[in-house]
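Before I ask anything, here is the structure I am working with.
If you read the sequence from its start, that first residue is 1, and numbering goes on from there. Note that the structure is a prediction, hence the values are computed from the model and not measured. Counting starts at 1 for both ligands and their atoms, in listed order.
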Amino acid sequence: MSSVFGKPRAGSGPQSAPLEVNLAILGRRGAGKSALTVKFLTKRFISEYDPNLEDTYSSEETVDHQPVHLRVMDTADLDTPRNCERYLNWAHAFLVVYSVDSRESFEGSSSYLELLALHAKETQRSFPALLLGNKLDMAQYRQVTKAEGVALAGRFGCLFFEVSACLDFEHVQHVFHEAVREARRELEKSPLTRPLFISEDRALPQQAPLTARHGLASCTFNTLSTVSLKEMPTVAQAKLVTVKSSRAQSKRKAPTLTLLKGFKIF
Ligand SMILES: Nc1nc2c(ncn2[C@@H]2O[C@H](COP(=O)(O)OP(=O)(O)OP(=O)(O)O)[C@@H](O)[C@H]2O)c(=O)[nH]1
């Protein structure tokens with residue numbers, strides 16, 4: 001890289017290629033990964049997403065006056081980390097999301113942080129992770145205190161924020177830009193580190209799954225020397241499943257329940 005965020009290095013000019021940052025959003029189902037991703041990309045909160053879609057979005061950002069080509073992978077694991085190498089070997093930084101109104105999702109975020117810590121240990125590299133307590137607008141239904149979030153983040157040495165995908169865009173944007181800054185710091189430390197897309201379709205009988213070795217959820221863990229490498233897939237266009245006006249929304253039965261819980265639908 002010929003430039004540093006905030007302070008251009010000698011020799012950098014308007015021709016400098018943008019920094020490329022891959023960011024993976026991890027967390028239990030329903031924590032709000034898609035909502036946060038969509039809020040960041042479109043400034044909008046959309047209340048329903050297809051939980052089975054996993055997409056990588058691309059966005060040209062400016063962070064601290066520097067151009068960044070940011071790719072965001074909105075992951076869709078089921079209940080626990082699965083086939084994790086698709087994001088572990090691809091991302092420069094991770095946003096681990098839980099919902100402040102769900103203790104289960106908080107416990108899930110702890111599993112993801114453990115997974116990242118193990119990955120860092122195995123690869124002897126560090127991977128910036130930010131812990132996000134989402135749905136701050138639902139604070140009246142809190143099951144996880146802010147202090148617990150701070151403590152968990154402290155245990156894994158990561159930044160911590162409480163956010164809401166349906167409140168202000170600037171706060172959500174700030175968090176994504178912080179992730180870019182963290183990734184950039186790591187990239188500057190080891191500029192040769194290149195993200196890889198790892199094929200998931202080759203079983204590795206000689207490699208014990210991470211579960212067996214560390215008692216973690218069912219995530220198999222391949223080393224770079226033993227997997228087949230593929231071209232990174234083409235970045236998909238943002239795939240928003242539905243964009244509904246609040247009027248259309250209010251005619252539907254299921255969302256009415258969520259409205260009763262205090263949802264704000266824009
Ligand atoms: N009130 C409130 N609801 C939210 C917020 N973020 C997400 N939601 C709602 O929570 C539900 C789950 O959000 P998603 O973004 O689909 O969660 P996810 O983590 O992507 O879940 P999967 O797609 O199942 O992995 C949806 O009904 C969202 O509208 C938030 O900040 N506040």
What I want to know is whether Asp77 and ligand 1 share at least one N or O pair that is separated by under 3.5 angstrom.
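There is no such contact.
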Using salt bridge (charged side-chain N to carboxylate O under 4.0 Å, His left out) as the criterion, list what pairs up with Glu61, not counting sequence neighbours.
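Salt bridge (charged side-chain N to carboxylate O under 4.0 Å, His left out) list for Glu61, sorted by chain: empty.
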Distance-only N or O hit between ligand 1 and Leu136, under 3.5 Å
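No, no N or O pair falls under 3.5 Å.
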May I ask you to check whether Val163 has an N/O atom sitting below 3.5 Å from an N/O atom of ligand 1?
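In fact, backbone or side chain, Val163 has no N or O that close.
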Of the non-hydrogen atoms in Thr145 and Glu148, which two are nearest, and what is the gap between them?
N-OE1, 2.8 Å
Classify the angle between the aromatic ring planes of His177 and Phe40 as parallel (below 30°), tilted (30 to 60°) or perpendicular (above 60°).
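If you compare the ring of His177 with that of Phe40, the planes turn out perpendicular.
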State the atoms of ligand 1, each with its element, that fall below the 4.0 Å cut-off from a heavy-atom position in Asp137.
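What qualifies from ligand 1 is 1 (N), 2 (C), 30 (C), 31 (O), 32 (N).
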So, 4.0 Å and heavy atoms of Gly27: is ligand 1 close enough to count as a contact?
no
Write out all pairs satisfying side-chain hydrogen bond (donor to acceptor under 3.5 Å, both in side chains) with one or both partners inside residues 153-168, taking only residues at least two apart or from two chains.
Asp137-Ser164, Arg142-Glu162
Provide the number and element of each atom of ligand 1 under 4.0 Å from a heavy atom of Arg28.
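Once the distances to Arg28 are compared, the set is 19 (O).
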Please confirm whether the backbone N or O of Gly27 pairs with a side-chain atom of Lys33, one donor and one acceptor, at under 3.5 Å?
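Present.
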N/O of Thr75 under 3.5 Å from N/O of ligand 1, yes or no?
no
Pairs of nitrogen or oxygen atoms closer than 3.5 Å, one from Phe45 and one from ligand 1: do any exist?
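Not met; the criterion fails.
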With under 30° as parallel and over 60° as perpendicular, where do the rings of His171 and Phe161 fit, or are they tilted in between?
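Taking Phe161 first and then His171, their aromatic rings stand perpendicular (interplane angle over 60°).
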Location of contacts on Ser34 toward ligand 1, heavy atoms closer than 4.0 Å:
both
Taking Asn134 for its side chain and Ala165 for its backbone only, find out whether a donor-acceptor pair lies under 3.5 Å.
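Pair found, side chain donor or acceptor close to backbone of Ala165.
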Met138 N/O under 3.5 Å from ligand 1 N/O
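No: no nitrogen or oxygen of Met138 is under 3.5 Å from one in ligand 1.
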Give a yes or no on whether Gln173 atom CD has more than 12 heavy-atom contacts from other residues, nucleotides or ligands under 6.0 Å away.
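Yes - once you tally the heavy atoms of other residues, nucleotides and ligands closer than 6.0 Å, there are more than 12.
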Hey, does Ala76 come in under 3.5 Å of ligand 1, counting only N/O atoms on both sides?
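No - when backbone and side-chain N and O of Ala76 are compared with those of ligand 1, no distance drops under 3.5 Å.
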